[in-house]
Amino acid sequence: TRSQIASMRTHGALETVSGETEEPPNIKTVSPSPSPKKLNKAAVTRIPAHAAGDKVVGISEARRESFPVGKQARAFQKAYFPGVSPADWNDWRWQLRSRIKSLGELERMFTLSEDERDAIRRHQGSLPVGITPYYASLLDRTNADDGLRRTHIPVGQEYIRAPGEADDPLGEDHDAAVPGLVHRYPDRVLFLATGFCSTYCRYCTRSRMVGEASGDYQFSRPQWEKALAYIESKPQIRDVLISGGDPLTLSDDRLDYLLSRLRQIKHVEFIRLGTKVPVVLPMRVTRALVRMLRRHHSLWMSIHFTHPSELTPEVTKATERLADAGIPLGSQTVLLKGINDDVSVMKSLMHGLLQRRVKPYYLYQCDPITGSAQFRTPVSKGLEIIEGLRGHTTGYAVPQYVIDAPGGGGKIPLLPEYVVGRDGEDLLLRNFEGGIYRYHDPGGTVGMAHPNTTVSTDGGASVPPAQEA
C-alpha cells in the first residue's frame with residue numbers, strides 16, 4: 001500500500017542494516033556468535049557488537065582461512081591488483097571494499113563499447129554498477145557481447161521501458177504486510193533483510209530497491225522487528241525466505257541474530273536463504289559462517305547461478321562447505337537471451353550443479369523489469385530447453401520452468417505438452433523421443449481436447465482410433 005511504501009522511505013539518521021555492509025566489518029572485530037540455544041530473551045532484543053563471553057577473532061586466525069584461487073582469478077589479480085596478497089584477495093571484506101563501481105575502474109580493466117560507456121555515465125539511483133574483483137575475473141575484458149559481461153555491465157537498452165515492463169512487475173510492494181515483508185502465499189513470507197548485494201545483476205527483479213543507501217527503500221533494525229512481530233502474530237506462517245539484496249552480505253552476527261529470532265517463533269518450521277554470494281563472492285562462505293549456519297537447521301539455501309563459466313574452483317569450495325554443513329542447496333537460474341538460452345549450455349550448467357551437490361530448482365522466465373527486454377526470450381525457448389533436458393538426462397538435472405506472474409500472481413509452472421489426446425479409454429502420451437504411448441485411463445478426462453488423434457506406436461505400427469477399430 002502507499003502508506004507502507006512511504007514508511008520505507010528515508011528517515012534521516014535511521015540506522016540501516018544495509019549500511020553496515022557498504023563498509024564491511026573490520027577483520028579485527030569479527031566475532032563468533034553464540035548458539036541460539038544459549039540466547040536468552042535479553043540477548044535477542046539487540047544485535048551486539050560482541051556477545052558476552054565471546055572472544056574476538058584476531059588477524060592470525062582470520063588469515064588461516066584457506067581458499068582456492070582459480071587460474072582466471074589469479075591472472076586477473078596479478079594484472080589489476082598486483083599489490084594485493086592472496087590472503088587479502090580471499091578476504092570477502094576486501095572483495096566488498098574493492099568492488100568495481102566507477103567508469104574509471106571499468107575502463108582500467110575492460111575495453112568498453114561506447115554503448116557501455118554512455119550507459120554507465122547516465123546511471124542514477126538504484127541498481128548501480130558493482131562487481132567484485134573475483135567475479136570481474138570471469139568476464140571477457142574485450143568482448144562486449146560476452147554473456148556474463150552483459151549481465152553486469154549496463155548498456156543503453158537498460159533505459160528503455162518495453163511494453164509490459166514495470167519497476168515492480170510482481171507486485172511485491174502491494175503484497176507487503178509490513179515494510180520489507182511480502183506475504184503472498186498462505187503459509188510463507190518473503191523477508192527482505194537488506195538492499196545490498198555484492199554484485200548487481202542488470203536484470204534484477206528488485207532493481208527498484210537495491211544499492212541505493214538513501215533511496216525510497218530502507219532496511220533498518222526497527223523494520224526487522226516489525227516484520228518479526230508480524231510473523232509471530234500469524235501462526236499459519238511456517239516458511240520464511242530471507243532475501244534482499246543478499247542476506248549473505250550481512251555480518252555473521254546480524255545474520256545469526258535474525259535466524260535466532262526466527263527460530264524462536266514456534267510455528268516457523270522452515271527457513272530459506274536466497275543468495276548469489278556463493279557465486280559472485282564465494283570466499284564469503286567462511287568456516288565461521290558455516291559453523292553459525294549449521295546451528296539453525298532446518299535451513300535451506302537457494303543459490304542464483306547463470307552459466308557454466310561460474311563453476312570455478314572457488315565456487316566448488318563454497319558449495320562443498322555449505323553441503324558438508326548439512327544445508328540442502330537448490331539453484332535458481334534466470335533464462336537469459338544469448339547467455340544461457342541453449343540446451344547444451346543449460347545441460348552443462350545443471351550437470352555441474354549436481355556435481356557440486358546443488359539441486360536444480362527453478363528456471364525463471366526473465367521478469368519484465370523496466371529495461372530488461374534485451375534479456376528476455378520467448379516462452380517457447382524455455383519450453384524447448386526443458387524438453388531438451390527431460391528424458392535426455394537425469395531428472396535431478398531438470399529444473400521447474402516457471403513464470404512469476406505479473407501483478408502478484410505467483411509462480412506458475414510450465415511444461416512441454418506431453419499429452420497427445422485420448423483414444424477411447426486410453427490416454428495418449430508422447431515420450432522424450434517423440435514416441436506415442438497408451439495409458440489405460442478408464443473414466444479419465446485428460447486429453448479430451450484431442451479425442452480423434454491418430455497415433456503410431458514407438459515401433460511405427462499404425463494404431464487406428466478406437467471408433468474405427
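Since the structure is predicted, the reported quantities are computational estimates derived from the model, not experimental observations.
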Tightest non-hydrogen contact, residues Arg263 and Val268, listed as NH1-O, 3.6 Å
Practice prompt. Please check if the side chain of Arg321 supplies one atom and the backbone of Val285 the other of a donor-acceptor pair under 3.5 Å.
Written response: yes
Please tell me whether Phe81 and Trp94 form a close aromatic pair, meaning their ring centres lie under 6.0 Å apart. yes
Gln365 side chain to Thr377 main-chain N or O, any donor-acceptor pair under 3.5 Å? yes
Hits for ring-ring contact (aromatic ring centres under 6.0 Å, His included) against Phe375, two or more places apart or cross-chain, chain-then-number order -> Tyr203
Next item on the list: Compute both the distance and the angle, then confirm whether Arg188 meets the cation-pi test with Tyr185: under 6.0 Å from the six-membered ring centre, within 45 degrees of the axis.
Entry: yes
Discussion item. Tell me whether the count of non-hydrogen atoms from other residues, nucleotides or ligands lying under 6.0 Å of OH in Tyr159 goes above 12.
Written reply: yes
Got a salt bridge between Asp167 and Arg161, using NZ or NE/NH1/NH2 to carboxylate O under 4.0 Å? yes
Do side-chain atoms of Asp140 reach the backbone of Asp146 as a donor and acceptor pair under 3.5 angstrom?
no
Practice task
Verify side-chain contact (heavy atoms from CB on, under 4.5 Å) between Ser331 and Leu353, making sure each step is shown before the conclusion.
Solution key: CA-CA 8 Å; Ser331 72; Leu353 292 175; 3.5 Å; yes
For Asp91 and Arg284, run salt bridge (Lys or Arg N to Asp or Glu O under 4.0 Å): C-alpha distance rounded to whole Å, both residues' side-chain angles, the deciding distance at 0.1 Å, then the answer. CA-CA 8 Å; Asp91 180 354; Arg284 170 65 181 105; over 6 Å; no
Got Trp300 and Leu273 here, is their nearest side-chain heavy-atom distance under 4.5 Å? no
Q. Heavy atoms, side chains only, cut-off 4.5 Å: are Arg272 and Asp239 in contact?
A. yes
Tyr361 versus Thr333, side-chain donor and acceptor atoms under 3.5 Å:
no
| request: For the pair Glu320 and Lys317, evaluate salt bridge (Lys or Arg N to Asp or Glu O under 4.0 Å) and give the outcome as yes or no after the intermediate values. | output: CA-CA 5 Å; Glu320 174 188 292; Lys317 174 58 71 173; 3.1 Å; yes
- Give a yes or no on whether a salt bridge exists between Arg184 and Glu172, defined as a side-chain N under 4.0 angstrom from a carboxylate O. no
TODO: Can you label the angle between the Phe110 ring and the Phe76 ring as parallel, tilted or perpendicular, going by 30° and 60°?
DONE: tilted
Query - Glu116 with Arg149: basic N within carboxylate O range, under 4.0 Å - result: yes
Salt-bridged, Arg357 to Asp324, with N to O below 4.0 Å? yes
Closest non-hydrogen atoms of Met301 and Leu293, given as atom of the first, atom of the second and distance, are CE-CD1, 4.2 Å
Residues at least two apart in sequence or cross-chain that pass ring-ring contact (aromatic ring centres under 6.0 Å, His included) with His351, listed by chain then number, are none
Notebook entry, point to check: Do NZ/NE/NH1/NH2 and the carboxylate oxygens of Lys381 and Asp341 come within less than 4.0 Å?
Noted result: no
Value for CD1 (Ile120) from CD (Glu105), rounded to nearest 0.5 Å, stands at 11.0 Å
In Val189, Leu192, Ile237, the residue satisfying side chain to side chain contact (heavy atoms under 4.5 Å, CB included) with Leu181 is Val189
Could you tell me whether the side chains of Asp253 and Ser251 share a donor-acceptor contact shorter than 3.5 Å? no
| query | Using a distance-only test with no angle check, is there a side-chain donor-acceptor pair under 3.5 angstrom linking Thr194 and Arg254? | reply | no
### Message
Within 45 degrees of the ring normal and closer than 6.0 Å to the centroid, is that where the cationic atom of Arg108 sits relative to Tyr80?
### Response
no
**Prompt:** Side chain of Gln264, backbone of Arg261: donor and acceptor closer than 3.5 Å?
**Reply:** no
Worked check of side-chain hydrogen bond (donor to acceptor under 3.5 Å, both in side chains) between His296 and Asp256:
CA-CA 9 Å; His296 295 286; Asp256 189 22; 2.7 Å; yes
_Any carboxylate oxygen within less than 4.0 angstrom of a Lys/Arg side-chain nitrogen, looking at Lys266 and Glu232?_
no
Whether the Tyr135 and Gln95 side chains hold a donor-acceptor pair (N or O, under 3.5 Å, no angle test) is what I'd like checked. no
| request: Measure centre to centre between the rings of His152 and Tyr200, then say whether the value is under 6.0 Å. | output: no
#### Entry: Flag if over 12 foreign heavy atoms under 6.0 Å of NZ, Lys359
yes
Exercise: do Asp246 and His304 side chains pair donor with acceptor under 3.5 Å = no
Looking only at side chains, do Thr132 and Arg99 share a donor and an acceptor under 3.5 Å apart?
no
